[in-house]
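Reviewing the structure listed below.
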Amino acid sequence: MNKLNKRYLNIQEKIRSYDHEYYILDNPSISDQEYDNLFRELQQIESQNPDWITPESPSQRIGIKPANDFSTFKHFSQMLSLANAFNEEDLKNFHDRIIKNLGDDQRINYFCEPKMDGAAISLIYEKGILTRGVTRGDGTLGEDITSNIRTIRSIPLRLKQSEHTFPDLLEVRGEVFISKSDFDDLNLKAKQKSEKVFANPRNAAAGSLRQLDPAITSSRPLAFFAHGIGSCLGKTFIDLQELFTVFSSWGLPVNDLNQFASSITECSKYFQNIESSRDTIPFEIDGVVFKVNEISLQKQLGEIARSPRWAIAHKFPAEEVFTEIEKIDFQVGRTGILTPVAKLKTVNVGGVNVSNCTLHNFDELKRLDPRPGDGALIKRAGDVIPKMVEVIPKKKNRSHSIKIPKKCPCCKAEIVINFQSEWTIVDTNTSKPIKRFSSSYEAKKFLDENQALKIHIAEERFETPFMKCSGGNNCPEIFQGKFTHFVSRKAMDIDGLGQEILLTLINQKFIKDFADLYSLKDHRSELEKLERFGKKSVDNLIKSLKKSTSVELHRLIFAIGIEEVGETTSRNLANYFGTMDSLLKSSYEDLIAVPDIGPRMAAKITDYIRDIENKTSLEKLLNCINIINPDLKSSNEDLLFSGIQIAITGKVSPMSRDDLKNIFMLQGAKVTSSISNKTNYLIAGENAGSKLEKAKTLGIKIVDATDIDDFINDPKKF
Ligand code: IVH
């Protein structure tokens, strides 16, 4: 072997090891530039010595396009599927069945793994060399997708040498997937290029594997975890723990969330842990898998109905469910903006019945193109509102595309089209988008609160069109929406005015203005005669209205419903101006000086307070109520939490997070939704997720929600 040939093999070895560090250990030891230089050297040697090239060379990941279709491949051992458990009882039955089969003197250890939501594949290694990659197919026959599999950087083309010898033949079973952030990134790029976006990471992974051109697969951020073994000639393993340790030593990626469990109770605990940290796990999972650890016991147990008796998937409640679209409505909000909403055949998604699903805006409507009679995949995660991820067009007699209305569906006024910009926060190092905002000031605020991160605001990227009813207060939907907001809990907090009652009061012309609510007490007998109203409910309503006549300034500002002025801005305005009078007299320049208020918001507020109709309406309202102005003096130094920044995460029962936020804010604290290096304390409730992790890394003081009382009394102790 000459010197160059030695150097060539040495570079190959080095690149393999750097790939392993980068793609599997997530801990590269050299810079991208050094890596690129090495890779270029490899390619140069190969171009001068083409006969040296073997398929395992790192330069050979992207091969030639296969002819026109994938060929079929018969798995050496079948690829089984898993039986499901949905609750503790199912799990107990699973364990009991095993005991019954093996005898109760047998101690059963389990191996617990997250259930990856990706695409199952089988890799064939012959004496350590990857010779084939195959889809699961029907479990017996799969498709030979070797050229695509070879493009996945975390799959070794040649196993790493370790103290464990390579079997002559080895079928590695595992899952190809795309991480959540890579998926967002992929879809963002597709959106920018006006290409089709993927419904979810699983579809994106499976679709990428079935590309006929490996160059396309190579451009997709596919990752891999090994989770099992098929045939293996020339080597045996005692248990899964050993199997995965050996796999890791060969450079095969293994999920580091896998865990050993010495009892089924420990398995349950594992399930709870994984479920509560699901949001912080960087890839999609749909449950966990429990497997009998010892291979000899697995063999004894065997399989039934193509599922092993020794393994079970404990699934999370389904978060993605198919249903049928009944129709698409356009809802008019209090600001007049029209939102397309799909009415669905009711389905249970993740434990909640869903029959409506907002499509947010017209871009989304265009993208999904949902039509009555079509199928739809609905997703809901945790508290998140249901989202339509995919539409499955009806095969026969599909109805026409939904037309964007020209007139308001409620009042028939003209629809005007506006554009809403979005601002994107981008990771400066990786250029990956992190978060999107519809106002530049919110984006700036995020930047400000996250100074520890290397991020910047990208230019305005998208212009989402939105449609607005031009009817103003003449549109019943806008009018009713304004009242609904006015009486809501975070605004004037008036009980007893549900949608139907409000509608009756509006239709019967009892209320034409906010101030009219406070004259309802003079119409007692007429009210009592109305449908749905009895003496008791009228009494309660009047009591509640009376209570609301004494209102904190920030609630009033929020209640009057200035476009885009949310709760936090209302508080900032109240604290800055101190009185309603001074706010109403403010100029654009005054407004822009308020913390967190940018040009766009300042313009909205100026428009509102200059509008003559709003002015008269407000004057009437102000005559009916007493405003509790913020005590501006005491909002300075002397409050217990002055100058302290707090974030709250997780469930903080028995109080709600909002109540707790109010307590802190009244005591002078700044309460933020995200964490930055300016945050002094994080209040961590039950199921605290990523914020808790982040707070730990930033060294922020963490207060357990069970210690809140002590903390409120004396924060210095913490
Ligand atoms: S073991 C014999 N482990 O779930 C057991 N499967 O229905 C075979 N999956 O398509 C699978 N994560 O690809 C196993 N940690 C894991 C898994 C997992 C995801 C997929 C698998 C298969 C399906 C089983």
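Source: prediction; values computed, not measured. Ligands are counted one by one from 1 in listed order, and the atoms in each one are counted from 1 as well.
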(request) Run the salt-bridge test on Glu275 and Arg278 with the 4.0 Å N-O cut-off and return the result as yes or no. (result) no
Go ahead and list the nitrogen or oxygen contacts between ligand 1 and the protein that come in under 3.5 Å, distances to 0.1 Å, or just say none.
{"residue": "ligand 1", "atom": "3 (N)", "partner": "Lys291", "partner atom": "NZ", "Å": "3.0"}
{"residue": "ligand 1", "atom": "4 (O)", "partner": "Lys115", "partner atom": "NZ", "Å": "3.2"}
{"residue": "ligand 1", "atom": "7 (O)", "partner": "Leu82", "partner atom": "N", "Å": "2.9"}
{"residue": "ligand 1", "atom": "12 (N)", "partner": "Met116", "partner atom": "N", "Å": "2.9"}
{"residue": "ligand 1", "atom": "13 (O)", "partner": "Glu175", "partner atom": "OE1", "Å": "2.4"}
{"residue": "ligand 1", "atom": "13 (O)", "partner": "His227", "partner atom": "NE2", "Å": "3.4"}
{"residue": "ligand 1", "atom": "15 (N)", "partner": "Glu113", "partner atom": "OE1", "Å": "2.7"}
{"residue": "ligand 1", "atom": "15 (N)", "partner": "Pro114", "partner atom": "O", "Å": "3.2"}

(message) Parallel, tilted or perpendicular: which one describes the rings of Trp250 and Phe247, with boundaries at 30° and 60°?
(response) tilted
Donor-acceptor contacts under 3.5 Å from residues 369-378 side chains, at least two apart:
{"residue": "Asp369", "atom": "OD1", "partner": "Arg371", "partner atom": "NE", "Å": "3.4"}
{"residue": "Asp369", "atom": "OD1", "partner": "Ser401", "partner atom": "OG", "Å": "2.6"}
{"residue": "Asp369", "atom": "OD2", "partner": "Arg371", "partner atom": "NE", "Å": "3.4"}
{"residue": "Asp369", "atom": "OD2", "partner": "Arg371", "partner atom": "NH2", "Å": "2.7"}
{"residue": "Arg371", "atom": "NH1", "partner": "Ser399", "partner atom": "O", "Å": "2.9"}
{"residue": "Asp374", "atom": "OD1", "partner": "Lys394", "partner atom": "N", "Å": "2.8"}
{"residue": "Asp374", "atom": "OD1", "partner": "Arg398", "partner atom": "NE", "Å": "3.1"}
{"residue": "Asp374", "atom": "OD2", "partner": "Arg371", "partner atom": "N", "Å": "3.1"}
{"residue": "Asp374", "atom": "OD2", "partner": "Arg398", "partner atom": "NE", "Å": "3.1"}
{"residue": "Asp374", "atom": "OD2", "partner": "Arg398", "partner atom": "NH2", "Å": "2.7"}

(request) Quick one: list whatever passes salt bridge (charged side-chain N to carboxylate O under 4.0 Å, His left out) with Arg367, sequence neighbours left out. (result) Glu364
(message) Suppose we screen for salt bridge (charged side-chain N to carboxylate O under 4.0 Å, His left out). Which residues come up paired with Lys92, at least two apart in sequence or across chains?
(response) Asp96
(request) Could you check whether the rings of Phe316 and Phe271 sit parallel, tilted or perpendicular, using 30° and 60° as the cut-offs? (result) tilted
